[in-house]
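Inspection log for the structure reproduced underneath, given as structure tokens.
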Amino acid sequence: MKKYLFIIGFILANVACKNDDTHKTRLATEADSLRLLQKKERVITDEQRVKDMLRAKNNQLSTEDSIYYLAKIKRPKDSAFIVMNLYGKVKHLGKLQEFKQTAIIKDNKTITSRIDGNVFRIDKSSKNRYKIYTHSVTNANFSAYDIDFGDTPISIRKATRTANFYYDLLPKKEFKYTVENKNKFFTIRKDRLIKGDSILDTLASGARIYRSNGLLDMQDATALNTYYFVDSTSVLEKLIIQDTASVLTNITLSGKSESIDRTTKYSSAFVNDSVFKTFEVSEKQDKNSKHVVAYNIDSIIKQYHYNKDFKFTLKAIDSFNLENTYPQYYRSLIDTTFFVYSQPFSINKMDAKWRYSVRYTRKTNANPTTIEVSVSKKELIKVEDTTFVFEAPLSPIKKPINIGDLSEQDYKVSDFDINFDGYTDLSFPEGFDLNRNATYAVYLYNPESNTFVKNEAFTGPSMAPYILIDKDNKSAIYTSKTGGGNYSARIVKIGDNGMILYKETYWSTSSDGKISIHYQKTENNSVVEKSNDMAKGKSWDVKDFKNEFLNWVKERIKN
């Protein structure tokens, strides 16, 4: 029995020792953690910084007539230090007056808190060097200071104002047209109506002139006056800078103008302290047919450079054009053939237009977001009475066409008179030859029958998207690839009666790296002249042989 009691006592003693060791270890760990926390830098929020600074500044005051009531934090882009703008009030001669001071804080240490005025701009000059700009309410003055954190102690010196700091003081940097009710807007501003200013009246051209809020109204800055020019069709907010004799700057900041068919909106923005941009966007309804509505949008962007005296210099003008089309889909036309028409145009002293016979495609019927149609017929008709004139051949490869490309299509009549009889002829893609050259069929205008008739003699290939015409030499030029990197050019000479006089053909062959040019002339389908290797001794650039060959042929035609 004693033996068992001894064993139990021994075990309990060991457990007690282990618990005591565990307790000591935990206490030591907690102590180490506490010491580590004490070593860590205390994280201070901006809110706490403001409270601490206001408390410290107010504790330094020796009179109850003054108080610091507000502080705002500002940082440079790299957050290397903190600027704290301090706002205070002081009672002087029974009146409260505002005052402002600036504090510089780095690494949680206040470098100074007695810079006069508030910081509104911070520029980094170089490593560890910064320039700050301040504005003082007391004397309405702007100042600049150079701060060098590399110096010991840190240096803060008054400096020359170099940057265009007025940009930072602009109360408004973007200008957009926001006038909803024009009559109400200017009726309640009738006290701002300006009359009798000869220079402004000249610029206004009869419009009423209202004084606006001004771009930047400060004694230390250039007077930047803005005005509204108002008439029955437009409201334009303009920046006018003038001296006693002339206008130095006349820029439209924002506005809207309307005419019978066009609406134009104006906006602008100071991008930074040296770049200013204006935006002019005009919208005009291009089409309003049964099957498509379209608006054409022209945009003009002007970029100016300006300095701290707000002298503007135009540096660039960019223009863009965009057409937004809104096709119309009618379920009543599903599985039917219907007409769409081009816009009217004049050809051979005849007012005409194209009439397309079309059907919605199956894909369109399933999802009519992009409305495509298949064309089964293309006819030229007279505008006055829709009389049929001519049926044009369809493209050899039939593809669905967006209905917006056909309905109210602005068809441009090509200057194409292949037989030089004074009448415009027509040409259409017909297919491809054995060398995959696109071939074009020609339809000559017949004034007696008032229609176009196909002429096989003028049908031929062209590497250009049309048959080339040489008016000076009264010739038609056909170009093609002949395989193996070789090319051919055929010149068809036309007589005064519109008939073909003769044909000249030039073509190339190559063997063992040598290029040879051959020539043949035919009259009435009979060869009357032939020559081989015409360009002996000429060195051809293989990489640009096509252009060199065609230019060589062109020079021979001239001679």
Side-chain angles (χ1 to χ4, degrees), residues 258-265 279-301 318-347 350-384 386-416 424 426-430 438 440 443 452 464-466:
E258 294 180 312
S259 61
I260 296 174
D261 61 349
R262 185 178 293 272
T263 299
T264 303
K265 293 184 179 180
F279 307 88
E280 179 181 332
V281 180
S282 297
E283 186 176 72
K284 176 184 178 181
Q285 188 180 67
D286 261 3
K287 301 175 185 177
N288 190 17
S289 70
K290 177 181 178 180
H291 297 283
V292 64
V293 176
Y295 288 88
N296 187 275
I297 300 173
D298 287 314
S299 301
I300 300 175
I301 301 174
D318 295 316
S319 59
F320 307 92
N321 181 267
L322 175 68
E323 184 177 66
N324 291 331
T325 59
Y326 304 92
Q328 312 296 302
Y329 181 76
Y330 301 94
R331 294 192 174 277
S332 59
L333 297 178
I334 293 176
D335 296 330
T336 64
T337 298
F338 56 92
F339 295 138
V340 295
Y341 300 86
S342 73
Q343 291 186 10
F345 55 89
S346 180
I347 184 169
M350 173 178 56
D351 292 330
K353 58 183 177 181
W354 290 111
R355 179 175 66 191
Y356 299 91
S357 300
V358 301
R359 292 171 68 96
Y360 292 139
T361 64
R362 291 182 180 179
K363 184 178 179 181
T364 294
N365 289 334
N367 182 20
T369 52
T370 301
I371 300 176
E372 291 183 335
V373 292
S374 58
V375 180
S376 58
K377 192 178 289 188
K378 178 181 179 181
E379 299 168 301
L380 188 68
I381 61 173
K382 289 184 179 180
V383 171
E384 57 183 353
T386 68
T387 304
F388 171 83
V389 176
F390 165 71
E391 182 176 347
L394 299 177
S395 175
I397 301 177
K398 296 178 176 62
K399 294 181 178 179
I401 301 175
N402 191 313
I403 198 169
D405 296 334
L406 298 179
S407 184
E408 290 295 300
Q409 170 196 21
D410 187 12
Y411 179 76
K412 301 295 183 184
V413 178
S414 300
D415 182 14
F416 184 76
T424 299
L426 296 175
S427 176
F428 301 94
E430 189 174 59
Y440 294 85
Y443 294 78
F452 295 83
Y466 44 81

CZ (R362) with more than 12 external heavy atoms under 6.0 Å: no

Identified side chain to side chain contact (heavy atoms under 4.5 Å, CB included) partner of V281 from the options T263, I300, I297, D298: I297

Nearest-0.5 Å distance, CD of residue Q343 to OG of residue S289: 9.0 Å

Candidate pair R359 and D335, rule side-chain contact (heavy atoms from CB on, under 4.5 Å), full reasoning: CA-CA 7 Å; R359 292 171 68 96; D335 296 330; 4.1 Å; yes

Euclidean distance, E391 CD relative to K378 NZ, rounded to 0.5 Å: 11.0 Å

Considering all heavy atoms, the nearest S374-T361 contact: N-CG2, 3.9 Å

H291 side, atom NE2; T325 side, atom OG1 - distance, nearest 0.5 Å: 14.5 Å

I371 backbone acceptor or donor facing T364 side chain under 3.5 Å: no

Heavy-atom closest contact (R355 atom, T386 atom, distance): NH1-O, 4.3 Å

Side chains of T264 and E280 in contact at under 4.5 Å (non-hydrogen atoms): yes

Within the 6.0 Å centroid threshold, strictly below: Y330 and Y360: no

Student check: side-chain heavy atoms of S376 and S357 closer than 4.5 Å: yes

Gap between atom OH of Y356 and atom NZ of K377 - 0.5 Å precision: 14.5 Å

For the student: nearest non-hydrogen atoms of Y440 and S427, plus distance: CB-OG, 3.6 Å

Aromatic ring pairing F345/Y411, orientation class (parallel under 30°, perpendicular over 60°, tilted between): tilted

With sequence neighbours excluded, residues passing ring pair (Phe, Tyr, Trp, His ring centres under 6.0 Å) with Y443: F390, F428

Closest non-hydrogen atom pair between K398 and L394, with its separation: CE-CD1, 4.0 Å

All side-chain hydrogen bond (donor to acceptor under 3.5 Å, both in side chains) counterparts of Y466, not counting sequence neighbours: none

L380 versus A352, closest heavy-atom pair with distance: CD1-CB, 3.9 Å

Pairwise distance CG(L333) to CZ(F338) - rounded to 0.5 angstrom: 5.0 Å

Among Q285, K287, E283, side chain to side chain donor-acceptor pair (under 3.5 Å) partner for Y295: Q285

pair I403-Y329: side-chain heavy atoms closer than 4.5 Å: no

Close side-chain approach of Q328 and K290, heavy atoms under 4.5 Å: no

Nearest atoms (heavy-atom pairs only) where K353 meets P344: CB-CA, 4.1 Å

From CA spacing to verdict: salt bridge (charged side-chain N to carboxylate O under 4.0 Å, His left out), D286, K284: CA-CA 6 Å; D286 261 3; K284 176 184 178 181; 5.2 Å; no

Inter-residue atom distance I347.CD1 - T424.OG1, 0.5 Å rounding: 5.5 Å

